[in-house]
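Note that ligands are numbered from 1 as they come in the structure, with each ligand's atoms numbered from 1 the same way.
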Amino acid sequence: MGKVLNIGVLVSGSGTNLQAIIDACARQEINARVVCVISNVADAYGLERARKADIPALHLDHRAYSGREAYDEALVATLREFGVELVVLAGFMRIITCVLLDAFPMAVMNIHPALLPAFPGLHAARQALEYGTKVAGCTVHFVDCGTDTGPIIIQAAVPVLEGDTEETLSARIQKEEHRVYPEAVKLFAEGRLKVEGRKVVVS
Ligand code: GRF
């Protein structure tokens with residue numbers, strides 16, 4: 001087994017995807033460890049999950065910085081301090097800038113609760129329901145300067161069922177998120193992801 005990959009996870013909320021990744025590392029399914037969890041929200045439950053797993057949990061308040069770039073500089077400094085090699089966005093509700101992306105080229109991942117390029121942005125499950133799609137899902141992708149536009153690593157589809165609400169559909173999608181996000185991190189840790197233009201080639 002090669003070197004253990006150092007992951008930094010950014011969260012704003014409950015952190016169920018963070019938990020799935022922590023658990024997969026603990027089970028040694030991924031040759032990686034979460035070395036820090038950072039949140040812009042002081043009481044994000046994701047920070048609590050980190051503390052429970054003995055992982056440094058940091059609150060970086062975006063309101064204390066003059067703008068997005070200044071905030072991202074602070075993020076980069078903290079991530080570097082912990083020797084982070086892969087940045088995992090897991091429900092991080094901030095738009096990130098090139099400051100973070102340039103510091104970690106093709107090493108920032110995100111998960112989005114839709115089959116991109118359909119339904120980028122907020123409330124993706126609700127958008128799918130309102131549109132009337134029969135299939136919904138989630139996408140793990142590398143982050144680029146756009147919103148939910150980067151090269152796609154893994155997607156998983158789920159059916160939209162008669163009588164679904166935003167809650168029931170989101171729950172079905174999240175179950176798949178917890179499977180594919182650790183899988184994407186594992187492929188990265190194994191050095192099996194190569195970005196060729198818009199495409200991610202998995203070897
Ligand atoms: C997920 O649905 C993810 O797709 C979106 O934010 C949500 C985070 O959920 N980007 P959690 O905090 O991991 O539970």
* Taking only residues at least two apart or on different chains, which pairs with a member in residues 115-133 satisfy salt bridge (charged side-chain N to carboxylate O under 4.0 Å, His left out)? ->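 Every salt bridge (charged side-chain N to carboxylate O under 4.0 Å, His left out) pair that includes a residue of residues 115-133, provided the two are not neighbours, is R126-E166.
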Do the side chains of [X] and [Y] get close enough for a salt bridge, i.e. N-O under 4.0 angstrom?
X: E183; Y: R179; answer: no
X: E85; Y: K3; answer: yes
X: D164; Y: R172; answer: yes

* Would you kindly say whether E69 and T97 are connected by a side-chain donor-acceptor distance under 3.5 Å? => no
* To do: Check each protein residue for a heavy atom under 4.0 Å from ligand 1 and list those that pass, ordered by chain and number.
  => S14, G15, T16, N17, G91, I111, H112, P113, Q174, E177
* Asked: Is the closest side-chain heavy-atom distance between M109 and L193 below 4.5 Å?
  ->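 In contact.
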